[in-house]
Structure formats: C-alpha cells, structure tokens
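As the structure lists them, so they are numbered: ligands from 1, and atoms in each ligand from 1.
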Amino acid sequence: MEDCLFCKIASGEIPSNKLWEDDDLLAFYDIDPQAPVHFLVIPKQHITSCGEIDGSNNAVIAKAFELISKLTKENGIESFRVVSNCGEDAGQSVPHLHFHVLAGRSLAWPPG
Ligand code: AMP
Ligand code: ZN
C-alpha cells in the first residue's frame with residue numbers, strides 16, 4: 001500500500017535491522033526498543049490491524065505465530081510477550097498489522 005511505512009520496510013524501500021525474512025513475513029528490530037529484546041513481526045501483505053483478519057488472510061497470521069515461536073526458541077528466549085495494538089486508543093501508531101515481541105526484562109501486568 002502506498003505511503004505505508006511497514007509496506008515500505010517489507011519491500012526494502014526503507015531499510016530495517018532484519019532478523020528474519022521469507023516470502024510472507026518479515027521480522028525486524030524495533031527502532032525504539034521498550035525492552036532488551038524488542039522485535040516486530042509483520043506480514044508483507046498490507047493488513048491494517050488485527051481488526052482486519054478474516055478468512056482471506058488468516059493463514060499468514062498462523063505463520064507469524066509459528067515464526068515467533070521459532071525465533072524465540074532459536075534465541076534462547078523462554079519468557080516473552082506478544083502484543084498487537086489495534087487502533088489509535090490502543091496505541092497503534094503504524095497502521096500495518098505487526099506483532100511486538102518483548103523480552104529480556106520483567107514485564108508488568110496489566111499494561112497501561
Ligand atoms: P505501534 O505503536 O504498536 O503501532 O508500533 C509501531 C512500532 O514501530 C513502534 O514500536 C515504533 O518504535 C516502531 N517503528 C516505527 N518506525 C520504525 C522503523 N523505521 N523501524 C523499526 N521500527 C519502527
Ligand atoms: Zn502496509
């Protein structure tokens with residue numbers, strides 16, 4: 001999608017610090033980390049948020065969670081949090097679906 005930051009990162013037009021890439025998904029480190037480990041997993045196809053998941057695009061969501069499981073295991077991360085902010089009031093600043101993966105410190109609950 002034109003003028004979408006994460007579409008541009010997915011296509012390589014804007015560089016990122018990549019952790020994983022395949023045809024469907026990209027994992028890259030967050031530019032403003034909120035924990036010692038903070039990376040994002042995005043589908044390369046534009047999906048605006050978790051609120052837009054449906055039967056036409058849900059396969060990539062399963063792949064995203066499989067990738068999160070693989071990357072945390074491979075990096076020896078036993079405790080981690082997966083967050084997806086959906087909508088402005090929930091704190092979504094980039095309207096392209098992404099899963100934050102946070103680890104490396106104690107994480108408070110409930111979130112603010
Ligand atoms: P959210 O606020 O939940 O939509 O998350 C968007 C995340 O994208 C924030 O944690 C930002 O720090 C991160 N971010 C924004 N621009 C970039 C970028 N160019 N490279 C990596 N992460 C980014
Ligand atoms: Zn996009």
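- Annotation: atom 4 (O) of ligand 1 to nearest protein heavy atom, Ser93 N, 2.7 Å.
- With values rounded to the nearest 0.5 angstrom, Arg105 atom CZ is found 8.0 Å from Arg81 atom CZ.
- Ligand 1 lies out of reach of Ser16, whose nearest heavy atom is not under 4.0 Å from it.
- Atoms CD1 and SG, on Ile42 and Cys7 in that order, are 7.5 Å from each other to the nearest 0.5 Å.
- Of the polar atoms of Ile14, none of the N or O atoms is found under 3.5 Å from an N or O of ligand 1, judged by distance alone.
- For the Zn ion (ligand 2), the nearest N, O or S atom contributed by His96 is named ND1.
- Nearest non-hydrogen protein atom to atom 1 (P) of ligand 1 is His98 NE2, 3.2 Å.
- Looking from atom 8 (O) of ligand 1 to the surrounding protein, the closest heavy atom is Phe6 CZ, 3.4 Å.
- Between Gln92 and ligand 1, no N or O atom pair is found at a separation short of 3.5 Å.
- Between atom CG of residue Asp23 and atom CD of residue Gln45 there is a gap of 12.5 Å, rounded to the nearest 0.5 Å.
- Ranked by closest heavy atom to atom 7 (C) of ligand 1, the top entry among Val94, Ile9, Asp30 is Asp30.
- One finds the CD1 atom of Ile53 at 5.5 Å from the CG atom of Leu97 (value rounded to the nearest 0.5 Å).
- Using cut-offs of 30° and 60° for the angle between ring planes, the His38 and His100 rings count as tilted.
- With hydrogens left out, the protein atom closest to atom 22 (N) of ligand 1 is Ile31 N, 3.1 Å, a heavy atom.
- Close approach of ligand 1 to Asn85 (heavy-atom distance below 4.0 Å) involves ligand atoms 3 (O).
- For ligand 1, the atoms sitting less than 4.0 Å from at least one non-hydrogen atom of Asp32 are 12 (O), numbered in the order shown with element in parentheses.
- Contact of the Pro43 side chain with the Asn57 side chain is not registered, since no non-hydrogen atoms from C-beta on lie closer than 4.5 Å.
- For Phe28, no nitrogen or oxygen atom sits less than 3.5 Å from a nitrogen or oxygen atom of ligand 1, counting backbone and side chain alike.
- Taking CG from Asn58 and NZ from Lys63, the interatomic distance works out to 11.0 Å, rounded to the nearest 0.5 Å.
- Within the listing of ligand 1, atoms 21 (C) sit less than 4.0 angstrom from a heavy atom of Tyr29.
- In this structure, the side chain of Thr72 engages the main chain of Ile68 through a donor-acceptor pair within 3.5 Å.
- Residue contacts with ligand 1, taken as heavy atom pairs separated by less than 4.0 Å, do not involve Asn17 at all.
- Residue contact check: Gly91 has heavy atoms under 4.0 Å from atoms 1 (P), 2 (O), 3 (O) of ligand 1.
- Contact of the Leu71 side chain with the Val101 side chain is not registered, since no non-hydrogen atoms from C-beta on lie closer than 4.5 Å.
- For atom 16 (N) of ligand 1, the nearest protein heavy atom (residue, atom name, distance) is Leu5 CD2, 3.4 Å.
- With respect to the salt-bridge test (charged N to carboxylate O, under 4.0 angstrom), the residues Glu21 and Lys44 qualify.
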Practice prompt. Please report the C-alpha distance between Asn17 and Phe39 in whole Å, then the side-chain angles of each, then the deciding distance to 0.1 Å, and finally whether the side chain to side chain contact (heavy atoms under 4.5 Å, CB included) criterion is met.
Written response: CA-CA 9 Å; Asn17 188 2; Phe39 62 87; over 6 Å; no

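- The closest approach between His100 and ligand 1 falls below 4.0 Å for a heavy atom of the residue.
- When distances from the Zn ion (ligand 2) to the N, O or S atoms of His46 are compared, ND1 comes out shortest.
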